[in-house]
2 protein chains.
Amino acid sequence: MGVLSTFEIVAEPNRRRILDLLRVERRAVGDLVAELGLAQPAVSKHLRVLRDAGLVSADVDGQRRLYRLNAEPLRELDAWVAPYRRHWAKHLDDLERHLATMPDETPREHGVPQRGRTKR
Amino acid sequence: MGVLSTFEIVAEPNRRRILDLLRVERRAVGDLVAELGLAQPAVSKHLRVLRDAGLVSADVDGQRRLYRLNAEPLRELDAWVAPYRRHWAKHLDDLERHLATMPDETPREHGVPQRGRTKR
DNA sequence: GAGACATATGCCCGTCAAGGCATACGTCGA
DNA sequence: TCGACGTATGCCTTGACGGGCATATGTCTC
């Protein structure tokens, strides 16, 4: 059915919360249910998704299942953002000045533009 | 309409590709259209989303618009993954055990698992 | 001004995730 | 064995997103 990428997995706020909780310590499902304020089936489904993605794994403990984090798949995410770090490190506010750097061809006599701010 | 979080924005593969392209240099829309193999309206819509999120901005250049990256919002993403880095650095050996990540038949023996190694 | 070109918007549709609900499955205690 | 508890799964509905198409808006050239 739904094979989600790591990016899509983490795009879901509740799933991020689950991961954030498991980052601290292992938790049983009912524990997560209480923390998240979601219905138990919903939580179980999120856990299913996370499990299929290899982000968490469950240790059977009696009638409960203790979920724990496996952060490894998040490296993909980290690897993707990495090249962008230098960008926000550099132009934060000389962003406007960066306009001077010509993309390439197309000589413009018009000079450079004004900001196309969105309306909303 | 949908006000998407940075996570959701980046969850879309085509939007990531757009950002990856803009990370290198500024691009006109038609340029992106050619690279992505998407229809122009689709690209414009993605750009709209990215603009609303402050991830890109457009400089008017004649009848074209040169889009450029603004990586700053990605810091949120980076900030979120940050705490997880120590995890994949730490549990590397534990990882091997869970690579299979299949329905593991953990032999049941009880004992209260309190954040330590309970069984062995 | 007319028409070509570049981009944006509106509308429609197929798809699919997220959650609610009921229920099945599995485990413990008596 | 039975019943309570904890968790997973299946079905269904709703809503939103991505993309295709047609078209509006804007800008350039002649």
Side-chain angles (χ1 to χ4, degrees), chain A residues 1-18 26-53 56-67 106-111 113-114 116-120, chain B residues 1-5 7-18 26-53 56-68 103-113:
Chain A
M1 299 293 275
V3 51
L4 305 182
S5 73
T6 306
F7 289 89
E8 293 167 303
I9 308 267
V10 166
E12 224 291 323
N14 290 317
R15 260 166 344 226
R16 281 201 303 279
R17 293 184 59 195
I18 291 179
R26 296 206 284 180
R27 300 263 194 174
V29 179
D31 208 352
L32 295 171
V33 170
E35 297 272 4
L36 297 176
L38 274 178
Q40 175 267 315
V43 174
S44 280
K45 283 172 194 171
H46 281 307
L47 288 171
R48 174 90 150 102
V49 172
L50 292 169
R51 235 185 317 153
D52 290 348
V56 303
S57 54
D59 299 322
V60 178
D61 169 53
Q63 41 186 355
R64 305 190 296 170
R65 316 231 165 150
L66 296 178
Y67 278 85
T106 321
R108 287 255 60 70
E109 79 257 6
H110 205 81
Q114 28 121 351
R117 203 62 187 101
T118 53
K119 53 176 182 178
R120 189 179 303 276
Chain B
M1 297 287 283
V3 52
L4 305 182
S5 73
F7 290 89
E8 294 167 303
I9 307 268
V10 166
E12 225 291 324
N14 290 317
R15 279 193 296 254
R16 282 202 300 280
R17 293 184 59 196
I18 290 178
R26 296 205 283 180
R27 299 262 194 173
V29 179
D31 208 352
L32 295 171
V33 169
E35 298 271 4
L36 296 176
L38 274 179
Q40 174 267 315
V43 174
S44 279
K45 283 173 194 170
H46 282 307
L47 289 171
R48 173 89 150 103
V49 173
L50 292 168
R51 237 185 316 154
D52 289 350
V56 303
S57 53
D59 299 322
V60 178
D61 169 55
Q63 41 187 353
R64 304 191 297 170
R65 314 232 165 151
L66 295 179
Y67 278 84
R68 62 185 172 84
D104 43 336
E105 297 295 343
T106 309
R108 164 183 57 277
E109 57 214 64
H110 47 270
V112 185

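Since the model is a prediction, treat every value here as computed from it, not as a measurement. The sequence lines fix the lettering, A, B, ..., with proteins before strands; numbering per chain opens at 1.
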Without placing hydrogens or testing angles, list every side-chain donor-acceptor pair under 3.5 Å for residues 36-49 of chain A, not counting sequence neighbours.
| from | atom 1 | to | atom 2 | distance (Å) |
| --- | --- | --- | --- | --- |
| A:Gln40 | NE2 | A:Ser44 | OG | 3.0 |
| A:His46 | ND1 | A:Arg15 | NH1 | 3.3 |
| A:Arg48 | NH1 | A:Asp52 | OD1 | 3.1 |
| A:Arg48 | NH1 | A:Asp52 | OD2 | 3.3 |

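Regarding A:Ile18, its CD1 atom lies at a distance of 11 Å from the P atom of C:dA18, rounded to whole Å. Summarising the geometry, the separation between CG on B:Asp61 and C1' on D:dG26 is reported as 14 Å, rounded to the nearest angstrom. Following rounding to the nearest Å, B:Asp59 (CG) and C:dA6 (P) show an atom-to-atom distance of 18 Å. Here the C1' atom of nucleotide D:dA16 and the NE2 atom of B:His46 are 14 Å apart, to the nearest Å.
The stretch residues 4-13 of chain A does not touch DNA chain D, since none of its heavy atoms comes less than 4.0 Å from the strand.
Checked by atom type and distance alone, the side chain of B:Arg16 pairs as donor or acceptor with a backbone atom of B:Val10 at under 3.5 Å. Looking at A:Arg17, its side chain does come within 3.5 Å of a backbone N or O of A:Glu35 through a donor-acceptor pair.
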Evaluate side chain to side chain contact (heavy atoms under 4.5 Å, CB included) for A:Val29 paired with A:Val33, printing each intermediate quantity in order.
CA-CA 6 Å; A:Val29 179; A:Val33 170; 4.2 Å; yes
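Going from atom CG of B:Asp59 over to atom CG of B:Leu66 covers 6.5 Å, rounded to the nearest 0.5 Å. In this structure, CG on A:Asp31 lies 8.0 Å from CZ on A:Arg64, to the nearest 0.5 angstrom. Separating the CG atom in B:Leu32 from the CG atom in B:Asn14 is a distance of 11.0 Å, to the nearest 0.5 Å. For the atom pair CD (A:Glu8) and CD (B:Glu12), the distance works out to 8.0 Å, reported to the nearest 0.5 Å.
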Treat primed atoms plus P, OP1 and OP2 as sugar-phosphate and everything else as base, then score nucleotides 6-14 of chain D 5' to 3': B for base contact with protein heavy atoms under 4.0 Å, S for sugar-phosphate contact only, - for none.
SBBBBB---
